[in-house]
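As structure tokens, the structure follows; a few thoughts come after it.
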Amino acid sequence: MISRLRKRLLCTLTAILTLFFWLILLLVNIQNYRFNLNQGYNILRQFDSPRKMTDTLNRGEEKKKEKEFDETEQFHVYTIFYENGTVYLDERMEFEVDNQEEVLNIAEKILKTEKDRGRYHSFLYLAKSFSEKTILYFMNFSSALERVRNMILFSLLLGILGSFLLFWFSYFLTKWMIHPVEEAFTRQKQFISDASHELKTPLTVIGANAELLKDEIGPNKWLSYIQSETKRMSKLVNDLLSLTRLEDSSRHPVYSSFSLSRAVTSILLPFESVAFEHDIQLKMDLAEEISFYGNEDQIKQVISILTDNAICHTNSEGTIQVSLKQTSKKILITVANTGEPIPPKMQTKIFDRFYRGDEARFRVGGHYGLGLSIAQAIVTNHNGSIQVHCADGWTTFTLSFPLRSS
């Protein structure tokens with residue numbers, strides 16, 4: 001239980017911190033891209049000022065600002081005119097541009113987008129209509145994009161390293177957070193174990209004295225009550241001890257390969273007479289020669305718990321069907337019985353210890369609500385799962401174990 005809680009908390013905490021960390025990196029990269037984009041637009045806007053446009057149309061003044069930005073920002077801004085379907089360079093740039101044809105081709109493609117501003121591949125542009133002409137300013141933005149790409153690459157590496165560090169941070173933080181819960185749970189298990197051990201001795205003495213007294217005075221109604229309650233209390237104490245041992249991670253039961261088919265059969269045969277006494281038909285559909293790696297006594301205990309539970313809750317003249325089969329990936333054991341179905345809201349709770357949603361249904365035959373908890377603990381320790389399903393008048397418990405070798 002503590003181990004599952006730690007894993008869930010570790011996964012949740014790691015996921016939240018990692019998601020938050022990657023979100024910060026994403027926002028930083030978006031802001032970095034916008035900063036470089038705005039910086040490029042600011043350069044182009046210097047050429048889009050009213051004075052600059054008038055100067056460009058008159059073609060009379062020198063390009064002081066353009067030279068200034070070429071030297072400081074290392075961006076080369078191209079000024080293109082579009083008039084009467086013709087695209088041509090600013091005449092003052094004709095001697096500065098070697099690849100005029102390529103520049104004009106790029107300008108034509110940009111003008112076809114019919115947008116006032118934007119990015120075309122690695123070029124940033126700004127277009128302005130003035131009188132009957134359109135002036136296009138654009139520059140090669142590849143150096144800024146390269147910086148953006150380098151920043152993204154650095155962020156990816158930082159994100160991977162950060163995720164790894166966050167995992168270990170979450171691991172130690174989870175260990176620290178779960179420590180008080182683990183201590184409380186350990187003390188609780190120790191208390192149950194100690195109390196159960198302390199109760200076993202007086203219950204044994206009471207039972208022995210009740211037997212001796214019965215031999216002395218003969219059958220007695222009050223004495224039979226004492227014996228009946230003593231047996232019930234002894235079973236409760238033994239179930240508590242079993243559950244405590246199963247949930248103790250320091251205890252490692254002996255696992256070995258055994259014939260699951262023979263083990264299930266040996267448990268079900270004694271129940272045939274019990275089912276007959278209750279006017280219940282017990283059917284078995286067990287595949288032969290299925291081997292299993294685990295603790296044989298514990299697996300037998302699970303089958304016994306589920307079969308006994310089925311007998312207690314099967315209606316008169318009802319049927320219990322137990323099947324065992326093996327697929328390509330798992331071993332399946334089902335114990336199904338006719339009778340009153342388990343309400344859906346209770347199906348997820350019946351494996352809780354001492355859970356009793358309906359006294360008339362669940363407090364039968366001296367049961368205290370620990371049997372299914374013990375069965376679930378055993379199945380979980382064998383890396384399996386146990387589920388309950390009610391449909392068409394049948395209540396079916398399904399055990400699923402993955403195939404594994406010894």
Side-chain angles (χ1 to χ4, degrees), residues 188-248 266-282 297-298 300-318 320 322 335 337-340 342 346 349-378 395 397:
Q188 181 190 35
K189 289 196 300 182
Q190 189 62 43
F191 170 77
I192 294 174
S193 179
D194 294 342
S196 300
H197 279 292
E198 292 297 326
L199 287 172
K200 286 187 70 174
T201 300
L203 286 174
T204 302
V205 173
I206 292 173
N209 287 330
E211 288 292 335
L212 293 175
L213 190 58
K214 182 180 180 180
D215 293 339
E216 290 288 335
I217 64 175
N220 181 275
K221 179 175 67 173
W222 312 111
L223 189 59
S224 65
Y225 291 160
I226 294 175
Q227 288 179 310
S228 176
E229 292 302 315
T230 301
K231 290 179 180 178
R232 292 180 62 188
M233 284 296 295
S234 297
K235 184 178 184 305
L236 173 61
V237 169
N238 290 329
D239 287 347
L240 284 172
L241 284 173
S242 298
L243 193 57
T244 303
R245 284 193 292 266
L246 288 170
E247 293 179 343
D248 188 357
S266 66
I267 289 297
L268 292 178
L269 288 178
F271 279 101
E272 287 186 328
S273 59
V274 179
F276 179 78
E277 291 177 0
H278 289 79
D279 196 18
I280 296 173
Q281 186 177 10
L282 178 60
D297 292 334
Q298 290 184 356
K300 287 182 177 180
Q301 186 179 5
V302 173
I303 303 302
S304 177
I305 290 172
L306 294 180
T307 307
D308 179 63
N309 180 75
I311 289 176
C312 290
H313 300 116
T314 301
N315 54 318
S316 180
E317 299 182 355
I320 297 175
V322 182
V335 180
N337 66 277
T338 57
E340 182 183 354
I342 304 174
M346 295 171 56
K349 300 179 180 179
I350 59 175
F351 297 102
D352 297 341
R353 62 181 69 180
F354 297 112
Y355 176 77
R356 188 165 289 107
D358 183 358
E359 292 287 340
R361 175 180 172 87
F362 288 99
R363 194 159 189 169
V364 182
H367 294 173
Y368 287 90
L370 288 176
L372 292 178
S373 298
I374 293 173
Q376 185 184 48
I378 293 174
T395 298
F397 285 85

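Computed from a prediction, not measured in an experiment: that's the story for all the values here.
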For residues 207-218, run the donor-acceptor check on the side chains, cut-off 3.5 Å, and write out each pair with its distance to 0.1 Å, sequence neighbours left out.
from   : atom 1 : to     : atom 2 : distance (Å)
Asn209 : ND2    : Val205 : O      : 3.2
Glu211 : OE2    : Gln227 : NE2    : 3.0

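- To the nearest 0.5 Å, the span separating CD1 on Ile280 from OG on Ser316 amounts to 7.5 Å.
- Contact of the Leu306 side chain with the Leu372 side chain is registered, since non-hydrogen atoms from C-beta on lie closer than 4.5 Å.
- Summarising the geometry of Phe271 relative to Ile311, their closest heavy-atom pair is CD2-CD1, 3.5 Å, with the distance given to 0.1 Å.
- To the nearest 0.5 Å, atom CG of residue Asn309 and atom CD1 of residue Ile350 are 7.5 Å apart.
- Nearest heavy atoms, Phe351 versus Ser373: O-OG, 2.8 Å.
- Side chain of Ser228 to backbone of Ser224: no donor-acceptor contact under 3.5 angstrom is found.
- Here the side chains of Ile305 and Phe397 are not in contact, with every heavy-atom distance at 4.5 Å or above.
- Judged purely by atom type and a 3.5 angstrom limit, Thr230 uses its side chain to pair as donor or acceptor with the backbone of Ile226.
- Separating the CD atom in Glu272 from the CD atom in Gln281 is a distance of 11.0 Å, to the nearest 0.5 Å.
- Side-chain contact check for Ile378 versus Gln301: some heavy-atom pair is nearer than 4.5 Å.
- Applying the side-chain contact (heavy atoms from CB on, under 4.5 Å) test between Ile267 and each of Val302, Ile303, Val322 identifies Ile303 as the sole match.
- Looking at Tyr225 and Lys221, their side chains come closer than 4.5 Å, going by heavy atoms from C-beta outward.
- Note that the CD atom of Glu229 and the OG atom of Ser234 stand 11.0 Å from one another [nearest 0.5 Å].
- Here the options are Leu269, Thr314, Ile320, the test is side-chain contact (heavy atoms from CB on, under 4.5 Å), and the partner is Leu282; only Ile320 passes.
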